[in-house]
Number of protein chains: 2
Amino acid sequence: MATPQDRQLVDQWRGIQSTYFRTAAAIDRALESKFSIGLTEFEILDLVAESTDAACRMKQLGERTPMTQSAMSKVVDRLDKAGLISRQSCEDDRRSLFLELTDAGRALHREAAIEHRALLRENLGND
Amino acid sequence: MATPQDRQLVDQWRGIQSTYFRTAAAIDRALESKFSIGLTEFEILDLVAESTDAACRMKQLGERTPMTQSAMSKVVDRLDKAGLISRQSCEDDRRSLFLELTDAGRALHREAAIEHRALLRENLGND
DNA sequence: ACAACTTATATGACACGTCATTGAATGACA
DNA sequence: TGTCATTCAATGACGTGTCATATAAGTTGT
């Protein structure tokens with residue numbers, strides 16, 4: 001019990017947690033106040049933005065984020081309602097959805113990404 | 001825009017996120033199923049367990065976790081209702097609360113900590 | 001072409017975290 | 001000592017995530 005290895009593990013874990021919380025909170029607040037979107041919304045925008053088009057993406061996106069399928073669905077829904085993204089049903093498999101940024105979405109992403117990267121740089125401290 | 005440094009930052013961030021989510025989810029599920037407590041509950045137990053007694057702790061604990069004051073208050077409330085922890089008002093400052101594990105809490109913590117460390121070892125991969 | 005199964009997304013009930021605020025106790029200081 | 005500000009903890013309204021399930025579309029084997 002309570003071996004030094006355990007202590008070291010626990011400390012490492014707490015470090016990860018606090019880095020994660022601190023950084024996520026900072027980004028979330030900044031994006032929320034400047035662009036009225038949350039961190040998770042931005043993350044989806046970011047993934048869609050960097051996806052080379054083609055392919056029915058909702059599913060594939062799910063493989064590139066730790067978000068639940070359910071969570072993704074709701075985030076995408078909010079982004080759609082906000083007019084930042086559009087969902088189009090795929091021709092070849094009508095269960096799937098093809099996502100793409102609207103012009104507004106692309107513009108917002110461009111701005112927000114700058115903020116996002118800056119806050120990562122600050123918080124992850126790779127100066 | 002999109003400099004290689006940015007890419008590297010974003011990748012680092014996604015790594016942290018996925019480590020955090022994967023690990024937290026694994027621990028949470030295990031503790032929930034075996035001991036009927038969540039990860040946040042365990043973390044408070046863990047902090048209280050390792051606190052050298054004395055001092056009115058609710059406040060100090062808040063300084064050692066990324067949790068909000070509000071969140072802590074609710075977690076402690078659940079732990080209290082579950083009979084794992086007790087809140088006693090401080091004599092010297094009646095705004096503050098002194099926390100301590102009940103016998104049940106200490107016993108549960110002892111068991112749960114083993115599981116917790118094991119899952120950290122698995123997920124943070126310091127073998 | 002018809003079941004039975006599988007896969008993609010959406011949704012409803014619920015739990016938990018956050019923010020803002022409250023209530024109570026303390027401190028500061030004229 | 002009486003006021004005003006500050007601090008500790010609890011609470012209510014609210015947003016968002018999770019789980020289980022629903023809906024719809026595709027697949028397979030006969």
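In what follows, chains are A, B, ... by sequence order, proteins preceding strands, each numbered from 1.
When the P atom of D:dT16 is taken as reference, atom CG of A:D77 falls 12 Å away, rounded to whole Å. Per the geometry, CG belonging to B:D92 stands 13 Å off C1' belonging to D:dC8, to the nearest Å. At whole-Å resolution of the value, NZ in A:K59 and P in D:dA25 are 18 Å apart. One interatomic measurement links the two molecules: CE of A:M67 to P of D:dT18, which rounds to 9 Å at whole-angstrom precision. When rounded to the nearest whole Å, the span between CG of B:L31 and P of C:dC16 equals 14 Å. One interatomic measurement links the two molecules: CG of A:L39 to P of D:dT16, which rounds to 12 Å at whole-angstrom precision. In this structure, A:Q69 places its CD atom 15 Å from C1' of C:dT6, rounding to the nearest Å. Nucleotide C:dA25 holds its P atom 20 Å from the CZ atom of B:F98, rounded to whole Å.
A:T68 comes within 4.0 angstrom of sugar-phosphate atoms only, judged by non-hydrogen atoms across all strands, and of no base. At a threshold of 4.0 angstrom between heavy atoms, the contacts of B:S96 are confined to the sugar-phosphate backbone, with no base atom among them.
Minimum atom distance to the side chain of B:D93 is reached by C:dT26, of the listed C:dT26, C:dG17, D:dA10.
Distances shown here put a side-chain N or O of B:R78 below 4.0 Å from the OP1 or OP2 atom of C:dG17. Proximity of B:R29 to the phosphate of D:dC19: a side-chain N or O atom is located under 4.0 Å from OP1 or OP2. Between A:S70 and C:dA10 there is no side-chain polar atom (N or O) within less than 4.0 angstrom of OP1 or OP2. In terms of phosphate contacts, B:R87 brings a side-chain nitrogen or oxygen within less than 4.0 Å of OP1 or OP2 of D:dA10. Under 4.0 angstrom from either OP1 or OP2 of D:dT16 there lies no side-chain N or O belonging to A:K74. Distances shown here put a side-chain N or O of B:R94 below 4.0 Å from the OP1 or OP2 atom of C:dT26.
For the pair A:R22 and A:E122, the salt-bridge criterion is not met [side-chain N within less than 4.0 Å of a carboxylate O]. Between A:R7 and B:E50, at least one side-chain N (NZ, or NE/NH1/NH2) sits under 4.0 Å from a carboxylate O, which counts as a salt bridge. Taking 4.0 Å as the cut-off between side-chain N and carboxylate O, B:R14 and A:D46 count as a salt-bridged pair.
Heavy-atom distances to DNA chain C give each of A:R95 and A:S73 a nearest nucleotide, and the one nearer the 5′ end belongs to A:R95.
Separation of the B:F21 and A:Y20 ring centroids falls under the 6.0 Å cut-off.
Shortest non-hydrogen contact noted between B:S51 and B:R64 is OG-NH2, 3.7 Å.
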